[in-house]
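Let me begin by presenting the structure, written as structure tokens, before commenting on it.
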Amino acid sequence: MRALPFAALLLAGCATTSTPVAVEAPTVAATAETDPVDTAADAADDPAIWRNAADPAKSLVIGTDKKAGIHVYSLTGKRLSFTPAARLNNVDLRDLGTRVIAAASDRADIATAHISLFTLDTAAAKLVPLGRFPVGPGEAYGMCLWTRARDHALFGFIVLKDGRIDQVAIDLSGASPKVTTVRSMKLGTQSEGCVVDDRTGLLYVAEEDVGLWRFDADPSAPVTATPIAKVDGKTLVADAEGLALAPSGRNGGYLVVSSQGDNAYTLYSLPGVTYAGRFQIGGGAIDGTSDTDGIELMLGNSGAAYPQGLFVAQDGDNAPATQNFKYVSWAGVKRALKLR
């Protein structure tokens with residue numbers, strides 16, 4: 001539910017006769033890239049990362065091909081497995097201690113949104129399907145998970161293409177999962193990227209041509225959206241796409257957004273969501289990224305190339321090959337932006 005002051009600001013910005021110029025973004029080189037997906041045109045979409053705390057070099061990256069299925073990659077970018085599935089879009093995962101659960105927005109039925117659940121077999125580096133579950137009317141688009149701190153309950157947020165956000169409770173206690181839609185929220189126009197901060201219970205959603213919004217993730221909370229950053233053509237250029245978090249301490253760190261319109265990535269400092277800088281990927285032996293949809297970030301040691309964390313971004317133009325995902329050292333991003 002859009003706050004009027006933010007809408008007024010947006011309209012005022014649209015009324016200007018000058019064209020905004022995006023803030024310059026330093027370039028950070030990719031350190032690795034995944035094998036290309038098998039399908040052509042707009043296919044690769046969104047990544048997720050599982051960090052192997054016991055052996056960081058054996059951490060895994062998941063990536064969707066929204067025309068064919070879902071891949072599991074090594075930290076060198078080698079494809080380790082592929083699970084066929086029709087029209088998966090965004091993916092997220094949570095390590096629950098006893099097992100790792102991945103969830104993807106399922107667009108196979110454009111009239112009824114679904115969520116597809118998987119167990120990540122970390123030893124075999126393979127996703128094992130747990131089933132498809134209906135969520136509500138409309139086309140599923142974005143997807144993110146939340147583990148509630150007080151009771152470790154697992155929830156999912158499915159962002160519909162028209163801006164509706166359905167929250168589901170995911171019960172894994174039985175022989176098969178039970179998925180129940182518990183509430184809905186609404187943004188005005190097409191939205192997709194979302195991420196939840198498990199520390200604070202805050203849900204962040206990107207409305208592509210408008211900006212970023214924040215909700216309380218608890219299903220008992222009001223469904224009112226709080227505007228936190230707008231697409232201004234300077235620090236954030238439409239479309240605003242994937243979202244990721246770099247948490248620090250109790251509520252600090254950074255929110256990272258794919259500024260798709262100028263092939264950049266914008267950072268906001270938490271908890272206040274103030275602009276902190278932006279960067280692009282390129283300038284190395286591996287080609288850079290453009291038109292990025294989904295992004296993901298996992299802090300902590302992920303092997304020798306990623307001592308402080310791994311950032312993964314979908315590459316919309318990997319010519320002459322099909323689309324893929326690029327890996328970037330978070331330490332490199334911090335150096336480029338002079339972050340502590």
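Remember, predicted model here, so these are calculated numbers, not experimental data.
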Would one find more than 12 heavy atoms of other residues, nucleotides or ligands at under 6.0 Å from atom CD1 of Ile110? no

Counting only heavy atoms not in Lys67 (residues, nucleotides, ligands), do more than 12 fall under 6.0 Å from its NZ? yes

Nearest heavy-atom approach of Ala48 to Glu296 is CA-CG, 3.9 Å

Are the side chain of Thr181 and the backbone N or O of Val135 linked by a donor-acceptor pair below 3.5 Å? yes

Do you know which two heavy atoms are closest between Pro56 and Arg51, and how far apart they sit? CG-NH1, 4.3 Å

Kindly indicate, with the supporting measurements, whether the criterion side-chain contact (heavy atoms from CB on, under 4.5 Å) is fulfilled by Val128 and Phe118. CA-CA 5 Å; Val128 180; Phe118 304 84; over 6 Å; no

Please list every donor-acceptor pair under 3.5 Å in which a side-chain atom of residues 192-201 meets a protein atom from a residue at least two apart or in another chain.
from   : atom 1 : to     : atom 2 : distance (Å)
Glu192 : OE2    : Asn89  : ND2    : 2.9
Glu192 : OE2    : Asn90  : ND2    : 3.1
Asp197 : OD1    : Arg199 : N      : 3.0
Asp197 : OD1    : Arg199 : NE     : 2.9
Asp197 : OD2    : Arg199 : NE     : 3.4
Asp197 : OD2    : Arg199 : NH2    : 2.7
Asp198 : OD1    : Arg94  : NH2    : 3.2
Asp198 : OD1    : Thr147 : N      : 3.3
Asp198 : OD2    : Arg94  : NE     : 3.0
Arg199 : NH1    : Ser248 : O      : 3.1
Arg199 : NH1    : Gly249 : O      : 3.0
Arg199 : NH1    : Gly252 : O      : 2.9
Arg199 : NH2    : Gly252 : O      : 2.9

If we count only N and O atoms by modelled type, under 3.5 Å, do the side chains of Gln323 and Asp315 hold a donor and an acceptor together? no

Is the ring centre of Phe157 less than 6.0 Å from the ring centre of Phe215? no

Atom of Leu299, atom of Pro247 and distance for their closest heavy-atom approach: CD1-O, 3.3 Å

Check the pair Ile70 / Ile62 against side-chain contact (heavy atoms from CB on, under 4.5 Å), numbers first and verdict last. CA-CA 7 Å; Ile70 191 164; Ile62 295 170; 3.4 Å; yes

CA sep, side-chain torsions, deciding dist, call: Tyr275, Ser269, side-chain hydrogen bond (donor to acceptor under 3.5 Å, both in side chains): CA-CA 6 Å; Tyr275 173 71; Ser269 294; over 6 Å; no

Distance-only polar pair, side chains of Thr189 and Glu207, donor-acceptor under 3.5 Å: yes

Can Gln260 and Thr292 be said to form a side-chain hydrogen bond (donor to acceptor under 3.5 Å, both in side chains), step by step? CA-CA 6 Å; Gln260 191 184 71; Thr292 293; over 6 Å; no

Are Leu297 and Leu212 grouped together when hydrophobic residues (ILVMFWY) are joined by side-chain heavy atoms under 4.5 angstrom apart? no

Please tabulate, for side-chain N and O atoms in residues 276-284, each donor-acceptor pair with protein atoms closer than 3.5 Å (sequence neighbours left out).
from   : atom 1 : to     : atom 2 : distance (Å)
Arg278 : NE     : Thr235 : O      : 3.1
Arg278 : NH1    : Val23  : O      : 2.6
Arg278 : NH1    : Asp262 : OD2    : 3.0
Arg278 : NH2    : Ser259 : OG     : 3.3
Arg278 : NH2    : Asp262 : OD1    : 3.2
Arg278 : NH2    : Asp262 : OD2    : 2.9
Gln280 : NE2    : Asp262 : O      : 2.9
Gln280 : NE2    : Asn263 : O      : 3.4

Considering all heavy atoms, the nearest Arg340-Lys334 contact: O-CE, 3.2 Å

Might you point out which heavy atoms bring Phe133 and Pro177 nearest each other, and give the distance in Å? CE2-O, 3.5 Å

Ser302 (side chain) donor-acceptor with Gly309 (main chain) under 3.5 angstrom: no

Determine the minimum heavy-atom distance between Ala238 and Asp209, stating which atoms define it. CB-OD1, 3.5 Å

Donor-acceptor side-chain pairing of Asp65 and Thr39 below 3.5 angstrom: yes

Please tell me whether Tyr306 and Thr31 have a donor and an acceptor in their side chains that are separated by less than 3.5 angstrom. yes

Starting at CZ of Arg87, measure out to OG1 of Thr64 and round the result to the nearest 0.5 Å. 12.0 Å

Distance in Å, Ser191 OG paired with Ile165 CD1, rounded so as to fall on 0.5 Å steps: 6.0 Å

Salt bridge check: are Asp121 and Lys126 linked by an N-O gap of less than 4.0 Å? no

How many angstroms lie between atom CD1 of Ile158 and atom OG of Ser184, to the nearest 0.5 angstrom? 9.5 Å

N-O pairing of Asp218 and Arg148 below 4.0 Å: yes

Salt bridge (charged side-chain N to carboxylate O under 4.0 Å, His left out): pairs with one or both residues in residues 248-260, sequence neighbours excluded: none

